[in-house]
Amino acid sequence: MTVPPSAYAESVLDLVELIPPGRVMSYGMIAEYLRDRTGRGSARTVGTVMARYGGGVPWHRVVSSVGRLPPGHEDAARGRLEAEGVPFRGRNVDLAAAQWWPDA
DNA sequence: GGGGTGACCCAGT
DNA sequence: TACTGGGCCACCC
């Protein structure tokens, strides 16, 4: 935390913290939501932000659009998600069942 | 001010 | 089913 996250990065982290246990959001969904709220961002940018500042939020609740887990952290993410009751489909998260969207 | 770097996404092969 | 190429955009040097 020697370096505070940028304004956009904070928006991403703030949203990720709202994701309830047992649910997940995809990078693309986060990007779309923040695009309405802040007017900027894209799936690619969200991924970059998570790679840099994801350590302070439940990063394991953020997956790709097909339920794929972040490279290099697949085992750690899988363990935490299973502990929260997130349904899996083979190696990936079952998005159809675990996908979440903020009410407001 | 210009260019490179990604924990991405989609469509086509 | 798995791989490739092009588009995408904030951040860092």
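So you know, we letter chains A, B, ... as the sequences are listed, proteins then strands, and number each from 1.
- For residues 56-68 of chain A, the salt bridge (charged side-chain N to carboxylate O under 4.0 Å, His left out) pairs, not counting sequence neighbours, are A:R61-A:E84.
- Two residues are said to be in side-chain contact when any heavy atoms from C-beta on lie closer than 4.5 Å; A:R37 and A:Y33 meet this criterion.
- For the pair A:W100 and A:M29, the minimum side-chain heavy-atom distance is 4.5 Å or more.
- The stretch residues 85-99 of chain A has no heavy atom under 4.0 angstrom from DNA chain B at all.
- Nucleotides of DNA chain B that come within less than 4.0 Å of any heavy atom of chain A span, from the 5' end to the 3' end, B:dG6 to B:dC10.
- Neither side chain, A:T45 nor A:T48, offers a donor N or O lying under 3.5 Å from an acceptor on the other.
- Listed in residue order, the members of residues 22-49 of chain A having a heavy atom less than 4.0 Å from DNA chain C are A:R35, A:R40, A:G41, A:S42, A:R44, A:T45.
- Note on A:R78 versus A:E82: salt bridge recorded, some NZ/NE/NH1/NH2 to OD/OE distance being below 4.0 Å.
- Using a 4.5 Å heavy-atom cutoff, the side chains of A:V12 and A:L34 are in contact.
- Looking at A:L15, A:V63, A:V62, A:V16 one by one, the single match for side-chain contact (heavy atoms from CB on, under 4.5 Å) with A:M25 turns out to be A:L15.
- Atoms CG (A:L13) and P (C:dA10) sit 16 Å apart, rounded to a whole Å.
- Non-hydrogen atoms lying under 4.0 Å from DNA chain C are contributed by nothing in residues 62-82 of chain A.
- Listed by chain and residue number, nothing satisfies the ring pair (Phe, Tyr, Trp, His ring centres under 6.0 Å) test with A:Y8 (two or more places apart in sequence, or in another chain).
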